[in-house]
Amino acid sequence: MPKMFLSFCFLIISFAVSAQVTDQPAHDGEPTEDVRTRLTPFMERYMLDELKALRMEMAGFQVSVKEEVVQKELAVADKAMSYANITVTYFFYLLAGAASVLAIVGWQSLRELKKNAREYAETQMRQITDTYERKLKQIERELQRKTKVIAENYREIERFQEIHALWLRASQEQSPQAKMDIYDQILRIKPGDLDALTHKADAALMMNERQWALSLCNRVMQVDPQNAHALYQRACAHAGVGHEEQALADLELAIQRNVHLRNVAAEDEEFEPLRQHPRFVELTHDGHEPGQGDGGPDGRKSS
């Protein structure tokens, strides 16, 4: 289990690193697209291999748990039989001793002794049976609990694989409508996913559906008011419909939460209506060098 847990953690970290590499801005003289092209296929292949190994380990663990429980049940049954055999043996020893005493002292009749001995033996056997029945039920409940946890983990891994495959498809699609359809599939699997909603808003902007993009961004902001990506997309939508002050306010908040967006906004074509606005120039001037930005947060081409 520790190995399986470490593999899963490493998988998550690898996915985060891959996403970070994809989102990092290009520096002067460094081909960002080439680096992304070199790293992504190998990283994806490694992640898929790790997922496959994790699934195999989960299946093996489930089989080993079942085998261990069966062995424990057999051991418990064997001990129960052994204890019963010992009890019966001691019972006959006791019976022989009692008969000897009865013969010497004449304390009670043989019929009474037989009755009392039978009742004692039945009582002891009932107590032993009840004890091991309780133990077996406890083992059965624990096995059911562990089986349920394993099944839930397996479903979560399959869900993660499906979502990851959809994200890969979305990154390869060129059509905004195709991207939108893929994001809808992700949201059906994982309702309320903020990343899917913000990327869907970006696709809506690419389709010139700015009111739709505003609605999607507002949904994200209701859950996460500090989401820099959603603030940036909402600023783009406001700029497109002529809400200059709202666009500048959202852009300022987005830059405060992610300084990288300053350079992106300076070259994003969605802010063309604000290009000469003094406040926009002030927001995008600090630290910006021409040629640094290469697109919006989700890959929109800058003007």
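In what follows, residues are counted from 1 in the order of the sequence shown.
Side-chain atoms of Asn218 come within 3.5 Å of backbone N or O of Leu214 as a donor-acceptor pair. Side-chain N or O atoms of Arg210 include none that pairs as donor or acceptor with a backbone N or O of His238 at under 3.5 Å. Of the possible polar contacts, none joining the Arg234 side chain to the Ala213 backbone as a donor-acceptor pair under 3.5 Å is found. Put simply, the side chain of Ser82 never gets that close to the backbone of Lys79: no donor and acceptor are under 3.5 Å apart.
The neighbour count for Arg279 CZ, taken as heavy atoms of other residues, nucleotides or ligands under 6.0 Å away, is above 12. Heavy atoms of other residues, nucleotides or ligands lying less than 6.0 angstrom from CE of Met56 number 12 at most.
Taking each heavy atom of Arg275 and Asp268 in turn, the nearest pair found is NH2-O, 2.8 Å. In plain terms, the two heavy atoms of Arg262 and Leu283 that are nearest each other are NH1-O, 2.6 Å. Heavy-atom minimum distance, Asp195 versus Thr198: O-OG1, 2.9 Å. Contact detail for Gln62 and Thr147: the closest heavy-atom pair is NE2-CG2, 4.2 Å. Nearest heavy-atom pair, Cys236 versus Leu205, reported as atom, atom and distance to 0.1 Å: CB-CD1, 3.7 Å. Nearest heavy-atom pair, Ala239 versus Glu270, reported as atom, atom and distance to 0.1 Å: CB-O, 3.7 Å.
For the atom pair CG of Asp250 and CE of Met221, the computed distance is 7.0 Å after rounding to the nearest 0.5 Å. Atom CG of Leu194 is separated from atom CG of Leu187 by 9.5 Å, given to the nearest 0.5 angstrom. Atom CG of residue Asn208 and atom CE of residue Met206 lie 10.0 Å apart, to the nearest 0.5 angstrom. Distance check: Ile150 CD1 to Lys146 NZ gives 8.5 Å after rounding to the nearest 0.5 Å. Note: Gln211 CD to Leu216 CG = 11.5 Å, rounded to the nearest 0.5 Å.
Counting heavy atoms from C-beta on, the side chains of Thr89 and Asn85 come closer than 4.5 Å. Under the 4.5 Å side-chain criterion, counting only non-hydrogen atoms from C-beta, Asp184 is in contact with Arg188. Side-chain contact between Leu231 and Asn227 is absent, with no heavy-atom pair separated by less than 4.5 Å. Counting heavy atoms from C-beta on, the side chains of Val264 and Tyr232 come closer than 4.5 Å. Counting heavy atoms from C-beta outward, Trp167 and His199 have side chains that approach closer than 4.5 Å. Side-chain contact between Arg257 and Gln226 is present, with at least one heavy-atom pair separated by less than 4.5 Å.
In this structure, Ile255 is a member of the same hydrophobic cluster as Phe271, with clusters built from ILVMFWY side-chain heavy atoms closer than 4.5 Å. Residues Leu251 and Leu261 share a single hydrophobic cluster, defined by chaining ILVMFWY side chains whose heavy atoms lie under 4.5 Å apart. Under the 4.5 Å side-chain heavy-atom criterion for Ile, Leu, Val, Met, Phe, Trp and Tyr, Trp212 and Leu197 are members of the same hydrophobic cluster. Connection of Ile157 to Phe61 is established within a shared hydrophobic cluster, with ILVMFWY side chains joined at heavy-atom distances below 4.5 Å, either directly or through further cluster members. Residues Ile186 and Met180 do not share a hydrophobic cluster, clusters being chains of Ile/Leu/Val/Met/Phe/Trp/Tyr side chains in contact below 4.5 Å.
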Worked verdict on His164 versus Gln161 for side chain to side chain contact (heavy atoms under 4.5 Å, CB included): CA-CA 5 Å; His164 176 63; Gln161 285 180 315; 5.7 Å; no
Under 3.5 Å, sequence neighbours excluded: what are the donor-acceptor pairs made by side chains of residues 122-141?
from   : atom 1 : to     : atom 2 : distance (Å)
Thr123 : OG1    : Glu119 : O      : 2.8
Thr129 : OG1    : Met125 : O      : 2.8
Thr131 : OG1    : Gln127 : O      : 2.8

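Side chain to side chain, Asp181 and Gln177 meet the donor-acceptor criterion of an N or O pair below 3.5 Å.
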